[in-house]
Amino acid sequence: MALAEVLKQYSSIGNLKGDCEYGNGHINDTYLLEYDNNREVILQRINRSIFKEPEKLMENIYLVTSFLKDKIIKRGGDYTRETLNLIDTNDGNYFYKDSDGDIWRAYDFIKDTVCYEKVESANEFYESGFAFGNFQNMLSDFPVEKLSEVIKDFHNTQKRYETFINGVCEDPLGRACDVQKEIEFFKEREEYTRIFNEAIENKEISLRVTHNDTKLNNILFDKYTKKALCVIDLDTIMPGVADFDFGDAIRFGANKGLEDERDLSKVGLDIELFNAFSEGFLKACGKSLNKREIELLPMAAVVMTYECGIRFLGDYIAGDKYFKISRENHNLDRARTQMKLISDMESNMDKMKKIVEKYI
Ligand code: ADP
Ligand code: GN1
Ligand code: MG
């Protein structure tokens, strides 16, 4: 019903030929729309239980994509492929609020692109490092005060830990007793939660405009050249820590296995991929990072993996309220891959530090 209502608001795009659910995101509802005039569109319903102020989120996206469009045009690039482009409703608005109060938005579908859950070569991961680094660079002169904090304390790992511990105490479904080993794993490593908060408090690092959700599947690659083309999923653009964009990308993309792999022997840090991403990222934005930010990059990979791990495990204990799941114990499986990755990163810390040093 809601979809039919929304489609009417975009009827000026053309005659709709078909619609289907699309992509592997954990948060929003995404649809691909095909029109008979050869236009394809990505339509998304924003997850309102997660994004409490979706209008503000949409304003962030409108401002950022307009800013990027101008920059891309000025340097002679193709803004229709190198950034997301919002499509107006028939009434000329960049989102639609339906009768249930849900917010929807439409983007031009960027054709001839691929999106990976796992890279096929180290060079592709180098490309994604360059793309996320370049994204930060392009936004380095964006007026940060114009952006709303769409999810408060999104990467405040200390706060995430408090929420996790409270959830373990509440244990609404009695699931905690079966995952004591996992809970202990994170408790033993509580020190990770403080590192970046302290660096911010001590003014060793400062907040910049960052993406905050730098998963590999939030980049579109050109299908033919295999070059990273466009950074997508702009919901969490906010003032943040530069290192976290690096760390979260490593967490997801430098994993030998998938984020939800059940066979943990397949999960671990691929050091060659770490190397490739570091090279690309530092080439694109290394010069704008200070000494402490660079020093902390390998630790950011551990902290982002830790944070995601307690979020997955916390959500499992809470009854799978946040991340979409498609099987029983899905969030628990995800938490376990993060644990395996953390252990592997701990053993590879010296190697990671040496690699980062190579590219500064
Ligand atoms: P979520 O927040 O749920 O992760 P995304 O915005 O990342 O949602 O979109 C989900 C998927 O849809 C992406 O991983 C990508 O495959 C695809 N996608 C999103 N926007 C576009 C676009 N403009 N062109 C092509 N594919 C897109
Ligand atoms: C979510 O939207 P998506 O699937 O790109 C989540 C990220 C997590 C990620 C884990 C808004 O990202 O923070 O790291 O899942 N996004 C939000 O896969 O919470
Ligand atoms: Mg996504």
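Indexing begins at 1, ligand by ligand and atom by atom, following the structure's order. Side-chain atoms are counted along with the backbone in the values below, which use heavy atoms only and exclude waters and symmetry mates.
Within the 4.0 Å heavy-atom criterion, the part of L220 lying near ligand 1 is the side chain and not the backbone. By the criterion of a heavy-atom distance under 4.0 Å, the side chain of K215, and not its backbone, is placed next to ligand 2. For F154, every heavy-atom contact with ligand 2 shorter than 4.0 Å involves the side chain, none the backbone.
Those atoms of ligand 2 that come under 4.0 Å of a heavy atom in I27, given as number and element, are 1 (C), 2 (O), 16 (N), 17 (C), 19 (O). With ligand atoms numbered from 1 in the order given, ligand 1 contributes 18 (N), 20 (N), 21 (C), 22 (C), 27 (C) to contacts under 4.0 Å with heavy atoms of I42. Close approach to F51 involves these atoms of ligand 2, each under 4.0 Å from a residue heavy atom: 11 (C). Close approach to C115 involves these atoms of ligand 1, each under 4.0 Å from a residue heavy atom: 14 (O), 15 (C), 16 (O). Set against the non-hydrogen atoms of E259, the atoms of ligand 2 under 4.0 Å away are 10 (C), 18 (O). Set against the non-hydrogen atoms of G25, the atoms of ligand 2 under 4.0 Å away are 4 (O). Remark: ligand 1 atoms within the under-4.0 Å shell around heavy atoms of G25 are 1 (P), 3 (O), 4 (O). Within ligand 2, the atoms closer than 4.0 Å to a non-hydrogen atom of C308 are 10 (C), 14 (O), numbered from 1 in the order shown. Per-residue contacts place Y322 under 4.0 angstrom from the following atoms of ligand 2 (heavy atoms of the residue considered): 11 (C), 17 (C), 19 (O). In summary, the atoms of ligand 1 found under 4.0 Å from a heavy atom of L84, numbered by their order in the structure, are 23 (N). Close contacts of ligand 2 with F312, meaning ligand atoms under 4.0 Å from a residue heavy atom, involve 10 (C), 18 (O). In the vicinity of N217, heavy-atom distances shorter than 4.0 Å reach the ligand 1 atoms 13 (C), 14 (O). Heavy-atom proximity to N218, at under 4.0 Å, picks out these atoms of ligand 2: 5 (O). Proximity to N218 (heavy-atom distance under 4.0 Å) selects the following atoms of ligand 1: 7 (O).
Taking 4.0 Å as the cut-off, L234 does not count as a neighbour of ligand 1 on heavy-atom distance. Between R311 and ligand 2 there is a heavy-atom distance shorter than 4.0 Å. In this structure, Q44 is part of the shell of residues with a heavy atom less than 4.0 angstrom from ligand 1. For the pair R251 and ligand 2, a heavy-atom separation below 4.0 Å is found. Heavy atoms of D235 come nearer than 4.0 angstrom to ligand 2 in no pair at all.
Of the N or O atoms in N28, one or more lie within a sub-3.5 Å distance of an N or O in ligand 1. Taking only nitrogen or oxygen atoms, main chain and side chain alike, D108 reaches within less than 3.5 Å of ligand 1. Every N/O-N/O distance between N217 and ligand 2 stays at or above 3.5 Å. Not one N or O of I232 is nearer than 3.5 Å to an N or O of ligand 1, by distance alone. In terms of polar-atom proximity, defined here as any N/O pair under 3.5 Å, D233 does make such a contact with ligand 1. Remark: ligand 2 and T236 share no N or O pair separated by less than 3.5 Å (distance only, no angle test). When only interatomic distances are considered, the shortest N/O to N/O separation between D233 and ligand 2 falls below 3.5 Å.
Judged purely by distance below 3.5 Å, without hydrogens or angles, the side chains of Q158 and N197 pair a donor atom with an acceptor atom. For the residue pair S12 and N90, a side-chain donor N or O sits within less than 3.5 Å of a side-chain acceptor on the partner. Defined by atom type and a distance below 3.5 Å, a donor-acceptor pair is missing between the side-chain atoms of T30 and E21. A donor and an acceptor atom, one from each side chain of N212 and T210, are located under 3.5 Å apart. Neither side chain, N93 nor D88, offers a donor N or O lying under 3.5 Å from an acceptor on the other. Of the N and O atoms on the side chains of N37 and N15, not one donor lies less than 3.5 Å from an acceptor on the other residue.
For the pair R105 and F95, the cation-pi criterion (under 6.0 Å, within 45° of the ring axis) is not fulfilled. At least one test fails for R194 against the ring of F196: distance under 6.0 Å to the centre or angle within 45° of the axis.
If you look at Y22 and Y31, their ring centroids are not closer than 6.0 Å. Ring pair F312/F323: centre-to-centre distance below 6.0 Å.
Of all protein atoms, those of element N, O or S that lie under 2.8 Å from the Mg ion (ligand 3) number 2.
When each of F164, F186, F244, F185 is tested with Y306 by the rule ring-ring contact (aromatic ring centres under 6.0 Å, His included), just one qualifies, namely F186. Partner of E182 under the side chain to side chain donor-acceptor pair (under 3.5 Å) criterion, out of Q338, R336, K187: R336 alone. Each of F274, F135, F132 was scored for a ring-ring contact (aromatic ring centres under 6.0 Å, His included) with F246, with one residue passing: F274.
The nearest protein atom to atom 3 (P) of ligand 2, hydrogens excluded, is given as D213 OD2, 3.4 Å; this is a heavy-atom distance. Residue, atom and distance of the protein heavy atom nearest to atom 15 (O) of ligand 2 are H26 CD2, 3.4 Å.
A salt bridge links R292 with E295: at least one charged nitrogen is closer than 4.0 Å to a carboxylate oxygen. Between R175 and D320 there is a salt bridge, since at least one side-chain N of the basic residue sits less than 4.0 Å from a carboxylate O of the acidic one. Using a cutoff of 4.0 Å between basic side-chain nitrogens and carboxylate oxygens, R208 and E293 are scored as salt-bridged. Comment: K226 does not engage E127 in a salt bridge, judged by the lack of any side-chain N to carboxylate O separation of less than 4.0 angstrom. Between D102 and R48 there is a salt bridge, with a side-chain nitrogen of the basic residue lying less than 4.0 Å from a carboxylate oxygen of the acidic one. With respect to K71 and D141, a salt bridge is recorded, a charged nitrogen being found less than 4.0 Å from a carboxylate O.
Rounded to the nearest 0.5 Å, atoms CG (L147) and CG (L57) are 10.5 Å apart.
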Could you walk me through whether E261 and T337 pass side chain to side chain donor-acceptor pair (under 3.5 Å), step by step?
CA-CA 7 Å; E261 175 59 61; T337 62; over 6 Å; no
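When the options Y22, Y116, Y107, Y31 are ranked by their closest heavy atom to atom 17 (C) of ligand 1, first place goes to Y22.
One N or O on the side chain of D222 and one on the backbone of T225 form a donor-acceptor pair closer than 3.5 Å.
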